Chemist: 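Here you go, one structure.
Computed from a predicted model, the values in this text were never measured in an experiment.
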Amino acid sequence: MDKSNTTSKNTALVLSGGGARAAYQVGALQAIAEMMPDHCGSPFPIICGTSAGALNATSLAMHAACFQEGVNALREVWAGFHSAQVYRTDWPGVLGGAFRWLCNLAFGWFNRGTPVSLLDNSPLRHLLSEAIDLSRLPAAIQAGHLRALCITACSYTRGDSVSFFQGASDLDNWSRARRRGVRCDLSIEHLMASSSIPMLFPAVKLDQEYYGDGALRQLAPISPALHLGADKILVIGSGMQSPEPKRFKRSGYPSLAEIIGHIMSSSFTDSLEMDIERLHRINNTVKQLPAEATTSLRPVDYLVLSPELASIEELASQYASSLPPAIRSFVRGAGVTKRGGSNVLSYLLFETDYTQALMALGYRETRAREVELREFLRPADAPPSNVYNLRRDSQRN
């Protein structure tokens, strides 16, 4: 059984955050797995994830010796998802969280060591403890199947972006303006911290600092992969603005859900789009420079897979009724279930119908770029006719 990697050791996968939107990544990864030889190792020795993308990244890293096993494990979770696996959806849990949050806001109660948030995400910790075995990482790294796994969170204490990584011994910490890389033994707490959406989920304490969702303060989402040595990067996002976004008439003041949706988009999507644009400009600049002037610079090959925000929001609107009754009643007043609130809804809708629809969308859009992906992932020294070529259609079915 050949379980060796089929691409360069410096090929990276970057999975952005986005709550329930991360189901799109699973569909895209399934399509990529079908482009690979049977039982091959991960084509992404460097794996970086933020927020919900960190959960997907960790599952793939655990199965770095067999990429298809990792994707299948993700599919098993996302294909049968329910919100109750991520946060409490029962009336006592929902009302209790809201009561504590309002009391803390109005009177400062519960603010001495007691986590305060609108939702109780303790079910997510239980799910991760059952589904993820981080003790497998050292063996994967030692065997060469994995060079590094990186999980990004935001430090509320220092106000910077922290990329926690576990990887090969030659990788070093780094420090830049408002961002740093820290070598450590990754744990479930790192995953909980990276996916703790502000206000919705409580902050997590790690090494005397409190951390929240990794998308906050992440001004350069691609940067961790570059610091870990990547020279080729596949980015799978959770929604990008179309060149000409649709506009709809508003009859009144923006709802709370619309405002929150814009704030969340500024964290989860805007930074990634700007970082990709920055990488594109740098690549073009390097190409224009004479060879003797580029000794410390190198172009980085990259490819981006991401749905349009309009597609994500449309799907969320279609499946709004799938929200558990307590959550649906709780968020209705903020306008989440209305047309303008579908952005926020798309993050919270951890329900099977919606996640399966997103997975199907990710699969279709990735398969549509099959030729491009095959060429992107093919090793530089391998001819197009090598074993890396796609399996026959009959084998996929």
Chemist: Search all heavy atoms of Q25 against all heavy atoms of I236 and return the closest pair with its distance.
Modeler: NE2-O, 3.3 Å
Chemist: Taking the six-membered ring for Trp, are F164 and Y211 closer than 6.0 Å centroid to centroid?
Modeler: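 Ring centroids of F164 and Y211 are less than 6.0 Å from each other.
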Chemist: Is there a chain of hydrophobic side chains (I, L, V, M, F, W, Y, each step under 4.5 Å between heavy atoms) that links W91 to L200?
Modeler: no
Chemist: Quick check on the 6.0 Å ring-centre criterion: do W174 and F165 meet it?
Modeler: yes
Chemist: side-chain hydrogen bond (donor to acceptor under 3.5 Å, both in side chains) between Q318 and Y354: does it pass, once the steps are laid out?
Modeler: CA-CA 8 Å; Q318 291 177 19; Y354 176 62; over 6 Å; no
Chemist: Between D160 and R217, does at least one N-O distance fall below 4.0 Å, as a salt bridge requires?
Modeler: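 Between R217 and D160 there is no salt bridge, as every charged N stays at least 4.0 Å from the carboxylate O atoms.
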Chemist: For the residue pair E351 and S83, confirm or rule out a side-chain donor-acceptor distance under 3.5 Å.
Modeler: yes
Chemist: Identify the heavy atoms of D275 and P221 that sit nearest to each other, and give their distance.
Modeler: OD2-N, 3.1 Å
Chemist: Side-chain donor-acceptor pair under 3.5 Å between Q68 and H39, yes or no?
Modeler: no
Chemist: Would you call E189 and K205 a salt bridge, taking side-chain N to carboxylate O under 4.0 Å as the test?
Modeler: no
Chemist: Show the numbers, then the answer: is there a salt bridge (Lys or Arg N to Asp or Glu O under 4.0 Å) between R125 and D120?
Modeler: CA-CA 11 Å; R125 180 177 275 103; D120 178 354; over 6 Å; no
Chemist: Compute whether any side-chain donor of one residue and acceptor of the other, for H126 and S129, lie under 3.5 angstrom apart.
Modeler: no
Chemist: Examine the side chains of S196 and D213 and answer whether a donor and an acceptor come within less than 3.5 Å of each other.
Modeler: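 On atom types as modelled, these side chains do not qualify, holding no pair under 3.5 Å.
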Chemist: Is the shortest side-chain N to carboxylate O distance from R136 to E69 below 4.0 Å?
Modeler: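 A salt bridge is absent here (no side-chain N lies under 4.0 Å from a carboxylate O).
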Chemist: Side-chain donor-acceptor pair under 3.5 Å between Q30 and R75, yes or no?
Modeler: yes
Chemist: Establish, from distance only, whether the side-chain atoms of R21 and S346 form a donor-acceptor pair under 3.5 Å.
Modeler: yes
Chemist: Side chains of R88 and S122: is there a donor and an acceptor less than 3.5 Å apart?
Modeler: no
